[in-house]
**Q** 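The structure follows.
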Protein chains: 2
Amino acid sequence: MASIKDVAAEAGVSVATVSRALNGHPSVSPAARARVLAAVETLGYRPNAVARSLRTHQTRTLGLVISDVLNPYFAELARSVEEEARALGYSVIIGNADERPDLQDHHVATLLDRRIDGLLVSPTDGGSPGMLDAVRAGTPMVFVDRWLPGVDVPVVRSDGRKAVRDLVAHLHALGHRRLAIIAGPAATTTGRERVDAFREALGAYGLPLPDAYIGQGDFQAGSGRRVTEGFLALPEPPEVVFAADNLMALGALDAIRARGLRVPDDIALAAFDDIRWFVHTDPPITAIAQSTGELGRAAVRALVDRIGGRPGESVTLPARLVPRRSCGEPDPARSPSPVRRSTP
Amino acid sequence: MASIKDVAAEAGVSVATVSRALNGHPSVSPAARARVLAAVETLGYRPNAVARSLRTHQTRTLGLVISDVLNPYFAELARSVEEEARALGYSVIIGNADERPDLQDHHVATLLDRRIDGLLVSPTDGGSPGMLDAVRAGTPMVFVDRWLPGVDVPVVRSDGRKAVRDLVAHLHALGHRRLAIIAGPAATTTGRERVDAFREALGAYGLPLPDAYIGQGDFQAGSGRRVTEGFLALPEPPEVVFAADNLMALGALDAIRARGLRVPDDIALAAFDDIRWFVHTDPPITAIAQSTGELGRAAVRALVDRIGGRPGESVTLPARLVPRRSCGEPDPARSPSPVRRSTP
DNA sequence: GTCCCTCGTGTAATCGATTACACAAGGGAT
DNA sequence: ATCCCTTGTGTAATCGATTACACGAGGGAC
């Protein structure tokens, strides 16, 4: 593979001139520039990003550590992050932590070893050692979706509080009184917050949230199934199951179906995070939708600000309720065409 | 950030000794090794992968260029690729080409600039210039899922021919005679092959595949919707729609629903690529499942072989039919419990 | 003509690692 | 005692770029 020296030889100039010509430095004569460009063309030269990074101390690369690419929510997040990063001249390296703190640390360490310019993290857990080291070391960082309380890093996330209140209002209006939740890991902010918001919203209607109606999940389908089986085995099973993410809702659906029960007649179901398939499940599933794309883009902008030495602002976007049939027939007077309404 | 020089100073040895100690070189005295390790510990030193790569000419990084992370099939592929690569000591950088040749070229170029050790590609299109250059330049490469005919690169893929025959047999047994397909882009091998396999299987039953029953899609949901709308507007609409990937099946479902029709009573639906949601759609969707995880792992192994100078073998894995209710009730004698049967 | 400034270019240091080569010390064989 | 070999270590070259600094040529002001 041709190096800058080869180009210099081919063009009959020094490597400095080649570098200057290629980087748009002003003081290069048109003649020299032309010869460099011609040499680049004939040799098919492409600058070695590794060498450049070593010298300039920047890689123009961002790291993104998420907890599960198989979760459509994170896949969409990853996609929008890459898109915005590309627009700003950065590449993105994705690390999939699989909700495992050790894997998260592995990816953070690997990314740091590669001297990425900045790190976007959706922390899996209360804060793995490697991540905290990275913060302490001053790596430009932004939390996205989830965050670590007490750590001084900008946070870009959705606030589902309002949407959860809307959901509970919706459920209450449909006559449901015994509501249960499949929570995410308590160590994650989204895991805790969604439970808190749910409890708070229930409180506004004078409804309790007994411990038996709080199932501990891990954002994976398997846990949704197990927790739901537990709910269904209760002497007084809940009338509604609210899954804190879409994969646990999938697991809940598995469990309900295995029991031979029907949604929403026997039990209602709702989920945090909307995905396109929810329109076509049996029945269509009521969900709380985040502006995932905007989240990813805002996170990248905040991170690039930090990298550039600017403060990098935290952003909180609203989430919204998308009612469908999984909680019971919506009031026909207010939504004459549920089909229409549930299509984003 | 501490460099190898700092470690050398702290340990009172030369940089060479530090490097040797850290790389397990035999001739380092236990005393020196201990002091180096201690210095590494106190300074929190981590080797700079950029510098190491420049010197050693290897990055221990693989590139993976896929056409759409939002497609659960590719998300799963990406995940298994990363997993196997990690097990072999490699990192993976994913490039999302979004079915766009220009984006594919952008990612190939960026990855090459970063001097990745090898490239895994699921080519979007008949062969974008940058990709062919990469092949010509001798970059270790392996095609996964899709490939470019006539290009001398190992291919790791599924062969759906047998499964498609099974599907057509299944459809025929259910009494369907007018079968249509939503094809993928003709420039992709999977796009062409699935149509060919379908046509061939139909031929075995003496069924035609008229042009009007071949809709041109692009593996995205939108195209599935448009093509299906076209099918439904035909004077004699098909009895079955077979979507060449899961996203186009989603679009087809959208279109069918918008028309107020029902699956499978009014029209049957099947898809290539199985995803977990297909169990819970209304109705559950008959699909052809690939061993996606095994595909990704085999591809990484082949690529690492190539990088190591070994040949790197092509692999073809079988796909299998997973019948569900979207094509009509399966024969109750043979599958008394469709619920059971459709759960993988 | 002299001085000085600008412009274009080249030389060489530098980034942080790896590694060929040189070399000193110590031990065993003779 | 001498020679040689092994072992451990250091010096310095190297990877491929960027960039500070030096320098020569040319032009304008006086």
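Lettering follows sequence order; numbering is per chain, from 1. Below, all heavy atoms of this structure are taken into account, side chains as well, without hydrogens, waters or symmetry copies.
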**Q** Tell me which nucleotide among D:dG16, D:dT18, C:dC15 gets nearest to the side chain of A:His57.
**A** C:dC15

**Q** Holding to side-chain hydrogen bond (donor to acceptor under 3.5 Å, both in side chains), I want the full list of residues that pass it with B:Asn71, two or more places apart in sequence or in another chain.
**A** B:Asp245, B:Asn246

**Q** What is the distance, to the nearest angstrom, from the CG atom on A:Leu22 to the P atom on D:dA17?
**A** 9 Å

**Q** For A:Asp113, give me all partners under salt bridge (Lys or Arg N to Asp or Glu O under 4.0 Å), at least two apart in sequence or on another chain.
**A** B:Arg46

**Q** Taking five pairs at each end of the helix from C:dG1-D:dC30 to C:dT30-D:dA1, what angle separates the two helix axes (nearest 10°)?
**A** 60°

**Q** In this structure, how many angstroms lie between the P atom of C:dA17 and the CG atom of A:Leu54, rounded?
**A** 9 Å

**Q** Just how far, in rounded Å, is C1' of D:dA17 from CD of A:Gln58?
**A** 13 Å

**Q** Check whether any side-chain N or O of A:Ser128 sits under 3.5 Å from a backbone N or O of A:Gly130 as a donor-acceptor pair, and report yes or no.
**A** no

**Q** Of the candidate nucleotides D:dC15, C:dG16, D:dT11, which contains the atom at the shortest distance from the side chain of B:Ser3?
**A** C:dG16

**Q** What pairs with B:Asp117 under salt bridge (Lys or Arg N to Asp or Glu O under 4.0 Å), at least two apart in sequence or on another chain?
**A** none

**Q** In this structure, how many angstroms lie between the P atom of C:dC15 and the CG atom of A:Asn48, rounded?
**A** 18 Å

**Q** Residues two or more places apart in sequence or in another chain: which of them pass side-chain hydrogen bond (donor to acceptor under 3.5 Å, both in side chains) with A:Glu10?
**A** none

**Q** Name all residues meeting the salt bridge (Lys or Arg N to Asp or Glu O under 4.0 Å) criterion together with A:Glu294; count only those two or more places apart in sequence or in a different chain, and write none if there are none.
**A** A:Arg297, A:Arg301

**Q** Sort and list the pairs that fulfil salt bridge (charged side-chain N to carboxylate O under 4.0 Å, His left out) and have at least one residue in residues 89-112 of chain A, not counting sequence neighbours.
**A** A:Asp98-B:Arg79, A:Glu99-A:Arg146, A:Arg100-A:Asp102

**Q** What integer distance in Å separates A:Arg114:CZ from C:dG16:P?
**A** 18 Å

**Q** Listed by chain and number, what are the side-chain hydrogen bond (donor to acceptor under 3.5 Å, both in side chains) partners of B:Asp133, not counting sequence neighbours?
**A** B:Arg136

**Q** Need to verify one output field. Residue with the more 5' nearest nucleotide on DNA chain D, B:Gly12 or A:Pro47?
**A** B:Gly12

**Q** Give a yes or no answer on whether the side chain of A:Glu84 reaches the backbone of A:Val300 with a donor-acceptor pair at less than 3.5 Å.
**A** no

**Q** Applying salt bridge (Lys or Arg N to Asp or Glu O under 4.0 Å), name anything that partners A:Asp305, two or more places apart in sequence or on another chain.
**A** A:Arg310

**Q** Measure the distance from NZ on B:Lys5 to C1' on C:dT18 and round it to the nearest whole Å.
**A** 14 Å

**Q** Which residues in residues 24-39 of chain B have a heavy atom closer than 4.0 Å to any atom of DNA chain C?
**A** none

**Q** Does B:Thr61 have any side-chain hydrogen bond (donor to acceptor under 3.5 Å, both in side chains) partners at least two apart in sequence or in another chain, and if so, which?
**A** A:Arg114

**Q** When we call it a touch if two heavy atoms are under 4.0 Å apart, what does A:Val18 touch: a base, just sugar-phosphate, or nothing?
**A** nothing

**Q** Counting side-chain heavy atoms from C-beta on, which of C:dT18, C:dG16, D:dA17 comes nearest to A:Tyr45?
**A** D:dA17

**Q** Which nucleotides of nucleotides 19-28 of chain C have their base under 4.0 Å from a protein heavy atom (B), which only their sugar-phosphate (S), and which neither (-), written as one string 5' to 3'?
**A** BB--------

**Q** Send over the distance from A:Arg52 CZ to C:dG16 P, rounded to a whole Å.
**A** 18 Å

